[in-house]
Chemist: 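Pasting in a structure now, in structure tokens, and then I'll have a few things to ask.
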Protein chains: 2
Amino acid sequence: MRVDSVPEATLRRLPSYYHYLLRLREKGQEATSAAQIGAALGVHHTQVRKDLAVTGSQGRPKVGHRVDDLIASIEEFLNWNNVSDAFLVGAGHLGTALLGYAGFERAGVRIVAAFDASPRRAGRKVQGVPVLPVEKLPDLARRMHIAIGILTVPADEAQAVAEMMVGAGIQAIWNFAPIVLDLPEAVIVEDVALYSSLGVLSRKLAVRRKAASGKGSAGTGP
Amino acid sequence: MRVDSVPEATLRRLPSYYHYLLRLREKGQEATSAAQIGAALGVHHTQVRKDLAVTGSQGRPKVGHRVDDLIASIEEFLNWNNVSDAFLVGAGHLGTALLGYAGFERAGVRIVAAFDASPRRAGRKVQGVPVLPVEKLPDLARRMHIAIGILTVPADEAQAVAEMMVGAGIQAIWNFAPIVLDLPEAVIVEDVALYSSLGVLSRKLAVRRKAASGKGSAGTGP
DNA sequence: TTTTTATCGAGATGTTTTTCTCGATATATC
DNA sequence: GATATATCGAGAAAAACATCTCGATAAAAA
Ligand SMILES: NC(=O)c1ccc[n+]([C@@H]2O[C@H](COP(=O)([O-])OP(=O)(O)OC[C@H]3O[C@@H](n4cnc5c(N)ncnc54)[C@H](O)[C@@H]3O)[C@@H](O)[C@H]2O)c1
Ligand SMILES: NC(=O)c1ccc[n+]([C@@H]2O[C@H](COP(=O)([O-])OP(=O)(O)OC[C@H]3O[C@@H](n4cnc5c(N)ncnc54)[C@H](O)[C@@H]3O)[C@@H](O)[C@H]2O)c1
């Protein structure tokens, strides 16, 4: 039984509609249709309608949806209008890039502090965000009621750090390490599996090359 | 009709199996089973079997698969044993993080040069990779037969840069900008939609909170 | 005012993906 | 050598997801 009966595929598409709508608004367009959104983003228009329906937004025949309303509906649905404070652990290459990114606030996440085990990293500020020794995380997370943790430590450390986060009351983890965390079911984990992307890319490219250089179909062998 | 009849979901899971297998090998384990992999990664064991089957690897009853063989099969299937040279465009926060990452070579991708429009960035080396003026990309890409482009420029610039890449013979684009590129069908595009992750995370967290604070089911309204 | 048309939304249908079921088999134990 | 068991792999069933179809409706055009 699903608590939330909205397909996850829909949740994944909504942000892309959202960004498209922001661009439409910037260009001064006031209304749009499922057909327009679908054509721009490569999604079938009926699918767009179903997706938008879950946000509660209603369109009108012949006019479509007001861009402003749609943006507001998606924001509300994803709770992107309420910014939550987040902690980031692992202020290395990737962690630093995330700290330097302004776009997450629009997606409901504000990184208020970063943590690192290395004394070289801790103590500084990166992009205005303080980097603290990781030992300070549990106490601070509890006191600040932090709900979101961003995990950008090496894979070997990820499980231990995740457990520390959960122990400190963090409820949702955005995990960039290429590992599946073993945590209580109640914890929300979203993996950013960059390698998955590369798997698809690499395989498709290989198939394309094979097809180009003579033999037709794919597969490991005949 | 699909040229390549392997489900994309399978392609996305294989890298995660791969990393798990590397860890098993490091620990000295010689054989494993679909059940073990599935339990570790939260995938049903029959699903794991189907996924591994596409790589051509065969297991034996009562023993399972040799870890080494599986690793080799996945590498071959994804073409991760042949490293392709790639160009990265946009040596900003995110681009720099990617340049500093050693792990991609194992996934068949070696970034051999980066490009940027800003004169402040171009001319330096980042993590040993030269950063060049973006104007030099087309000629170099052609001469070096670059097949993969990594796109880490702001969303506004992404379409134009992608077109430049395609014009220079690049066949596959790994796109980090939050925009859907409009390119010839033949070009392979893999989007890393970080916001999709955040959509799911944020929504789940909101639903969880709503559930906790009284009312049961989710939804925008009654 | 009537007709045309773009769009919506609901439900039916089709496709893809995941899970379940079960017989086969190689190894280990008795 | 016979029996038990962990594992595989193939096919059936179920679930999730996407697409198709069609009547309704509001705006625009005739
Ligand atoms: N950089 C990338 O482009 C990239 C791409 C894909 C995946 N990843 C993944 O992201 C993670 C980070 O990658 P990176 O390139 O930023 O690595 P990195 O080595 O640059 O940074 C890791 C940081 O984590 C810190 N750290 C280590 N153990 C810690 C602990 N127990 N507590 C707190 N901090 C700790 C280190 O001091 C370091 O600053 C890795 O899991 C990597 O696999 C990175
Ligand atoms: N940094 C993150 O954590 C993050 C997260 C999600 C998405 N993204 C996306 O990744 C992209 C890059 O983000 P960032 O934070 O690294 O931005 P950034 O501004 O730090 O870097 C962008 C770089 O691209 C260069 N550039 C701009 N136009 C160019 C052009 N036409 N040709 C070549 N180079 C050009 C700029 O000089 C700059 O160095 C953006 O699309 C952003 O939305 C970034």
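Values below: every heavy atom of this structure, side chains too, minus hydrogens, waters and symmetry copies. Proteins come first, then strands; the chains are lettered A, B, ... in the order of their sequence lines, and each starts at number 1.
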Chemist: Applying side-chain hydrogen bond (donor to acceptor under 3.5 Å, both in side chains) between Y17(A) and each of D51(A), T32(A), T55(A), report the one that passes.
Modeler: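 Passing option: D51(A).
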Chemist: Quick check on contacts: within residues 13-33 of chain B, what sits under 4.0 Å from DNA chain C by heavy-atom distance?
Modeler: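 Correct list: R13(B).
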Chemist: Could you check how far CG of L11(A) sits from C1' of dA16(D), rounded to whole Å?
Modeler: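 It is 14 Å, rounded to the nearest whole Å.
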Chemist: Should the heavy atoms of other residues, nucleotides or ligands under 6.0 Å from CZ of R23(B) be counted, would the total exceed 12?
Modeler: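 Result for CZ/R23(B): enclosed.
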Chemist: Angle between ring planes, F87(B) versus F115(B), binned at 30° and 60°: parallel, tilted or perpendicular?
Modeler: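 The arrangement is tilted - the two ring planes meet at 30° to 60°.
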Chemist: Roughly, in whole Å, what's the span from CZ in R66(A) to P in dC8(C)?
Modeler: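 It is 15 Å, rounded to the nearest whole Å.
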Chemist: If I take atom CG in residue D51(A) and atom C1' in nucleotide dG9(C), what distance separates them, rounded to the nearest angstrom?
Modeler: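 So the two atoms are 14 Å apart, to the nearest Å.
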Chemist: Can you tell me if R12(A) has over 12 outside heavy atoms packed within less than 6.0 Å of its CZ?
Modeler: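 Yes - once you tally the heavy atoms of other residues, nucleotides and ligands closer than 6.0 Å, there are more than 12.
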Chemist: Ignoring backbone atoms, test whether H65(B) places a side-chain nitrogen or oxygen under 4.0 Å from the OP1 or OP2 oxygen of dC8(D).
Modeler: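 Indeed, a polar side-chain atom of H65(B) lies that close.
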Chemist: Give a yes/no on whether any side-chain N or O of R49(B) is located under 4.0 angstrom from OP1 or OP2 of dC8(D).
Modeler: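 It does, given that an N or O in the side chain of R49(B) lies less than 4.0 Å from OP1 or OP2 of dC8(D).
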Chemist: So, is R60(B) close to the dT27(C) phosphate, meaning a side-chain N or O under 4.0 Å from OP1 or OP2?
Modeler: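 Yes, because at least one side-chain N or O of R60(B) sits under 4.0 Å from OP1 or OP2 of dT27(C).
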Chemist: V63(A) or V43(A): which one's nearest nucleotide on DNA chain D is closer to the 5' end?
Modeler: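 Between the two, 5'-proximity favours V43(A).
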Chemist: Looking only at the side chain of A9(B) (C-beta and beyond, no hydrogens), which of the listed nucleotides dC8(C), dT18(C), dC20(D) gets closest?
Modeler: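 From the listed options, dT18(C) comes nearest.
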Chemist: Apply salt bridge (charged side-chain N to carboxylate O under 4.0 Å, His left out) to E8(A) and K204(B), showing your working.
Modeler: CA-CA 10 Å; E8(A) 199 165 300; K204(B) 285 189 180 169; 3.4 Å; yes
Chemist: Once you round it to whole Å, what is the distance between C1' of dT17(C) and NZ of K50(B)?
Modeler: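 So the two atoms are 10 Å apart, to the nearest Å.
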Chemist: Just to confirm, is there a sub-4.0 Å distance from OP1 or OP2 of dT7(D) to any side-chain nitrogen or oxygen of H45(B)?
Modeler: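 No, no such contact exists.
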Chemist: Between Y195(B) and H19(A), is the ring pair (Phe, Tyr, Trp, His ring centres under 6.0 Å) condition met? List the steps.
Modeler: CA-CA 9 Å; Y195(B) 287 98; H19(A) 282 105; 4.3 Å; yes
Chemist: Figure out the CD1/P separation between I37(A) and dG9(C), and round it to whole Å.
Modeler: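 From I37(A) CD1 to dG9(C) P: 12 Å.
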Chemist: Let me know which of H45(A), H65(A), Q29(A) forms a side-chain hydrogen bond (donor to acceptor under 3.5 Å, both in side chains) with Q36(A).
Modeler: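 Testing Q36(A) for a side-chain hydrogen bond (donor to acceptor under 3.5 Å, both in side chains) against H45(A), H65(A), Q29(A) leaves exactly one candidate, Q29(A).
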Chemist: Mind listing the N/O atom pairs, protein and nucleotides 4-6 of chain C, below 3.5 Å?
Modeler:
| from | atom 1 | to | atom 2 | distance (Å) |
| --- | --- | --- | --- | --- |
| dT5(C) | O2 | K62(A) | NZ | 3.2 |
| dA6(C) | O4' | K62(A) | NZ | 3.4 |

Chemist: Passes side-chain contact (heavy atoms from CB on, under 4.5 Å), I173(A) versus I148(A)? Steps please.
Modeler: CA-CA 6 Å; I173(A) 294 178; I148(A) 298 176; over 6 Å; no
Chemist: Between atom CD in Q58(B) and atom P in dA24(C), what is the gap in whole Å?
Modeler: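 Answer to the nearest Å: 18 Å.
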Chemist: Indicate the ring-plane relationship of F104(A) and W174(A), choosing parallel, tilted or perpendicular according to the 30° and 60° boundaries.
Modeler: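 Ring orientation of F104(A) relative to W174(A): perpendicular.
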Chemist: Any side-chain N or O of Q47(B) under 4.0 Å from OP1/OP2 of dT17(C)?
Modeler: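 Checking Q47(B) against dT17(C): no side-chain N or O falls below 4.0 Å of OP1 or OP2.
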